[in-house]
Structure formats: structure tokens, C-alpha cells
Amino acid sequence: MSKTSLKTPQAIRGTQDIFGPEAEAFAFVVETFERVRKLYRFRRVEMPVFEKTEVFSRAIGETTDVVSKEMYSFEDRGGDSLTLRPEFTAGIARAFLTNGWQQHAPLKVATHGPLFRYERPQKGRYRQFHQIDAEIIGAAEPQADVELLAMADQVIRELGIENVTLHLNTLGDADTRDAWRAALIEYFGAARGELSEDSQERLEKNPLRILDSKDPRDRKFVADAPKIDAFLSDDAQRFFDAVTSGLDAAGVKWTRAESLVRGLDYYRHTAFEFIPDEGSAAAGALGSQSTILGGGRYDGLMESLGGAPTPAVGWAAGIERLAMLVGERTPDRLDVAIAVEDDALLPASARIAPILRRAGFTVEVIATGSTRKRYDKASKLDPMYLASLQIRDGTPGYSHKSQLDDEANSKIDAVILENVQL
RNA sequence: GCGAUCGUAGCUCAGUUGGUUAGAGCGCCGGUUUGUGGUACCGGAGGUCGGGGGUUCGAGACCCCUCGAUCGCCCCA
């Protein structure tokens, strides 16, 4: 190999080139999601990867970390500020309004693809990452939440992921959320000086977040902090009760997580995350980024984009994080390997392989490098049927070793026999 | 944005308290068996030891800077 002075460009930080077992696991997650989503009749949507910046800044909230410091924003040649999508929901909401999808309401949609967030990469966290996503738009009733969650639960179960549980909470309607928030500010404000630096800042920006602080200085105050339940309006309480009893009826296991709050401004009522159980293998595999699926109800979002009030619920799950939990996915075993032990038989293999592939067999042809070693190479592929094409005493022929059934064997034999000619 | 750890062949790693031409396994390429053969034997290609500066008679090893990776904080899927 000759050397050049040209340096190979490096991949962008936080992007990944997924290959091998990880790629198999990734594909398995997507395939499973696609299959389950059809069971629930969610319709597939394809969305742009970028939007006008305001789609996200208005929908997600100016003050959130996502908008204030994690977006990949740039100006296009026309001078518009555009942003690589940091999440699906805002774009889907925009599409719903832009395309008049109200006519389809209640609309169940599902999608998957890359998202972008400018963050420090670490385990289970990338700058370009991938999610599967499901939304029900235009459905105000708690049954929608239940169906959506049942689907999430089924996806996770069909992926074979164990020891992951649904953590469920309600944030109430706008009024109860505001009242609760005010109470938390008052409560934590009184102890301000004793809180961690981070939480003192959270007091201004996002007081709800103090509740799941990991800092021991905060934790001792959290237990006695005001509970959302005390502020829940009757409607909000009824709604939550309907969701929980619906989940029970559907056989979806859940646990109440009183301090579960979601970072984005648009959440109302139901909020949830699927999290590996403490100490489980799944928790170990994920490191500190343990939420694999999260979402909730976002009744106020459409209005922030200038649409009519439209209730909606949705969730998204990190494909990389799910893929870390599905274990090794071994690709199907190779059906046929053909070792071409004489270059004069290259045309023969060129005829044989396509015929077999059209017949539905997976086929690898080994026809490069030392002829003596081709058989060994083919053998290492561990095929069900191993054919060796060779010339003996001037006559072309072949031999084979097979673990396939007789029917398949005779089919393959016939094709080879007919085509091992010079 | 902050912190910790790490950076030697394509891959996984060895390289003694700094001391001559930097090693192994796997993989790759070629050869050996006049043969029906997966694991055996021989040989070969491939490294400016992430990059730059410094200390030293001498640096892959020590110091500084820089780039990158990994893990954690923040936040999130």
C-alpha cells in the first residue's frame, strides 16, 4: 500500500459508523418497531431532517437546554435560520398543521430516523442519534395514552428486553402544573443556601428538575417536597386514574414515579419513562443514560406553533440504547459457499451464483487469492452447503458437503451440474 | 461548559526503574501437502509508538501544549 501525505478526515465527534453486531441489533430494533406499529395501525410518516429554527424554539421552549445550547442551527443561503431536528415531535406537529392533517384526526403516526443534539458524547449518548417515535394527535381521551403505552410496552417486550419498567407520573393540567411549580419554588427557595449549585440554578430555570437531582445535598429535601397529587384538579386526577386503570386492564405493568418530570415545556398530564430496574443487567449495560423510552401528553404544543388547540400524546425511544439491550443478533447462516478452485471456472461460478440467489439461497462465491486456499476460506464462512468447483484431468466438476435437506440439495446440485462447464 | 481515564501494526494488546535495528496473537498476502482439504508448517507486507514542543548523552516510556476516544456531571432517548 502506498503512502500519501493526505490525511484522512475524521468522523464528526459524536457520530457513529455502525457495523457488525451493533448494526444487526440496530436493524432488529427498527424491524420490530415497524412490525408492532402496524399491529396498532400507526401510519408511517417520513419527516424532514431539518426545519426552520422557530419550529423547535417555539415548540420545545426557549429556556430548555435543548433549545438554548444543544441545537445544530445554521443559516442557509437564503438567510433563513434552520436547525437539524433535535426531536421528532415538534416537526410532526408542524406537519400536522401545515398539511391539514386535522382531517385525519385522531391520527396515529410512527417514524424513525436520526436526530441531532450538540452534547458531550458518552455511553448511550451521541450527537447524531436515532429514535423510533410514535404519536397520537387529536385524541384527548386517556384511552389514547393507554394504547400508546401498550404499544411501547409491546415493542420492548418483543425486543426481548427484560427488567425494564414503566415509570408513570402526571403533571396535571396547566393550572395544576403552575401551582405545583410555585409551591416547589417556595419550598426549595427556603432552603436555597443548602442546595447544590446546580439546583440553585434549577430553582430559576426548571424547579421541577430538582426532584430528580442526584446530589445528596438536594436529596434530603426532596422527600418532603410538595407532591403533585395535592395540586391535582379533579379533572386531572380523573384523567390519571383512567390512564392507570386502563394500563392495568391492558396488562401493562407500571410504577408511580412522583418525581418524574420531563424537561420540555410542552408536557401536560401523563409523563412517563421506561427505565431498567436498579441492579439489573439492562441497567449495567446502559451506564448512566438509563432512560430508553420517554414521552407524555403535550396538549399545549399545537398552540405554540399557531394552531388550534389539539390534544396529543407521544413517545420516542433511543434506538442505540435499545440496541444495547437486545443482545447479540446473529445473521442467518449462509446457505451456499462456492469455492472456485480453478480460475477457468470463474465463468461457471458467475452463472451458478445468480441462479441460486434467484431461487432464494444466500450465496457467497470465493474466487480470489491463492486457489489452494479458497476452499479453506469458503469453509470458514460456515455454509450449509459448501461447493468446490475444480478441474480434474482436464474435466470440470465439483464436490460438495451439505447439511441442507435432500430437496434443497438436489435443487442446488442440478444447477451446479448443469453449469460447471468451461 | 466542567471533571477523570486513555491514545504502540487493519484489530486486541506486550513493551521491565528512559538504554542499541519496537514485539506477539488474530487478520491479510504468498508458499508447502500431487491432494477432497476448516484448526498444520514456512515466509511476506504493514508502525513518523495520535500530533507539536521540552528535559536528557539517549524518550514509546518523564514534563507541557494540542487533537481524539472513553466514562461521568449537566441534560436527555
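All heavy atoms count here, side chains included; hydrogens, waters and symmetry mates do not. Here the structure is a predicted model, which means the values were calculated and not measured. Proteins come first, then strands; the chains are lettered A, B, ... in the order of their sequence lines, and each starts at number 1.
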Side-chain polar contacts of residues 109-118 of chain A - donor-acceptor pairs under 3.5 angstrom, sequence neighbours left out - could you list them?
| residue | atom | partner | partner atom | Å |
| --- | --- | --- | --- | --- |
| A:T111 | OG1 | A:V45 | O | 2.7 |
| A:H112 | NE2 | A:R44 | NH1 | 2.9 |
| A:R117 | NH1 | A:P86 | O | 2.4 |

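Base contact: A:S388 has a heavy atom under 4.0 Å from a base atom. Using a 4.0 Å heavy-atom criterion, one finds that A:Q390 contacts the bases of the nucleic acid, with or without backbone contacts as well. Counting non-hydrogen atoms under 4.0 angstrom, A:Q16 reaches nothing in the nucleic acid. A:K373 comes within 4.0 angstrom of a base, heavy atoms only.
Going from atom NZ of A:K380 over to atom P of B:rG38 covers 11 Å, rounded to whole Å. Rounded to a whole Å, the CZ atom of A:F272 is 12 Å from the C1' atom of B:rA77. A straight line from CD of A:Q403 to P of B:rG38 spans 14 Å, rounded to a whole angstrom. Here the P atom of nucleotide B:rA77 and the CD atom of A:E320 are 13 Å apart, to the nearest Å. Atom CZ in A:R372 sits roughly 13 Å away from atom C1' in B:rC41 (whole-Å rounding). Spacing between atom CG of A:L260 and atom C1' of B:rA77 amounts to 13 Å, rounded to whole angstrom units. Rounded to whole Å, the distance from CG on A:D376 to C1' on B:rG31 is 14 Å. Rounded to a whole Å, the NE2 atom of A:H400 is 16 Å from the C1' atom of B:rG37.
A salt bridge is defined here as a Lys NZ or Arg NE, NH1 or NH2 lying under 4.0 Å from an Asp or Glu carboxylate O, and A:D153 with A:R157 meets this definition.
Around the NZ atom of A:K52, the shell of radius 6.0 Å holds no more than 12 heavy atoms that belong to other residues, nucleotides or ligands. Within 6.0 Å of atom CD in A:Q403, more than 12 heavy atoms from other residues, nucleotides or ligands are found, so the atom counts as buried in its surroundings. For A:E162, the CD atom counts as loosely surrounded, since its 6.0 Å shell holds 12 or fewer non-hydrogen atoms of other residues, nucleotides or ligands.
Taking the C1' atom of each, B:rG25 and B:rU8 are spaced 15 Å apart, rounded to whole Å. Nucleotides B:rU48 and B:rG30 place their P atoms 24 Å apart, quoted to the nearest Å. To the nearest whole angstrom, the two P atoms, one in B:rA59 and one in B:rG1, are 35 Å apart. Nucleotides B:rU39 and B:rC73 place their P atoms 48 Å apart, quoted to the nearest Å. One P atom belongs to B:rG50, the other to B:rU12, and the distance between them is 14 Å to the nearest Å. The same atom, C1', is picked in B:rA22 and in B:rA9; the two are 10 Å apart, to the nearest Å. Annotation: B:rC74 and B:rG18 have their P atoms spaced 40 Å apart (nearest Å). Annotation: B:rC28 and B:rU34 have their P atoms spaced 25 Å apart (nearest Å).
For the pair A:R329 and A:F28, the cation sits on the ring face: its NZ or CZ lies under 6.0 Å from the ring centre, inside 45° of the axis.
When both distances must be under 3.5 Å, the Watson-Crick or G-U wobble mate of B:rU16 does not exist. Figure legend. B:rA40 is base-paired to B:rU32; pairs are counted as Watson-Crick or G-U wobble with both atom distances under 3.5 Å. For B:rC6, the paired nucleotide is B:rG68, the pair qualifying as Watson-Crick or G-U wobble because both relevant distances are below 3.5 Å. In this structure B:rG25 sits in a base pair with B:rC11, meeting the Watson-Crick or G-U test at under 3.5 Å. In this structure, B:rC73 forms a base pair with B:rG1, meeting either the Watson-Crick or the G-U wobble geometry with both donor-acceptor distances under 3.5 Å. Nucleotide B:rA59 forms a pair with no other nucleotide shown, judged by Watson-Crick or G-U wobble geometry with both contacts under 3.5 Å.
Residues A:K401 and A:E273 both approach RNA chain B. Their nearest nucleotides, taken by heavy-atom distance, put A:K401 toward the 5′ side.
Stacking between A:Y375 and the base of B:rG38 is absent under the criterion of ring centres within 5.5 Å and planes under 30 degrees.
Nearest nucleotide to the side chain of A:S379, out of B:rG38, B:rG30, B:rG68: B:rG38. Comparing B:rG68, B:rU36, B:rU33 by their nearest atom to the side chain of A:S399 picks out B:rU36.
The side-chain heavy atoms of A:T89 and A:I92, taken from C-beta on, include no pair separated by under 4.5 Å.
Shown here are the salt bridge (charged side-chain N to carboxylate O under 4.0 Å, His left out) partners of A:D133, two or more places apart in sequence or in another chain: there are none.
Within the 3.5 Å criterion, the main-chain N or O of A:A344 finds a donor-acceptor partner in the side chain of A:D342.
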### Query
Base, backbone or nothing for each nucleotide of nucleotides 69-75 of chain B, written B, S, -, heavy atoms under 4.0 angstrom, 5' to 3'?
S-SBBBB
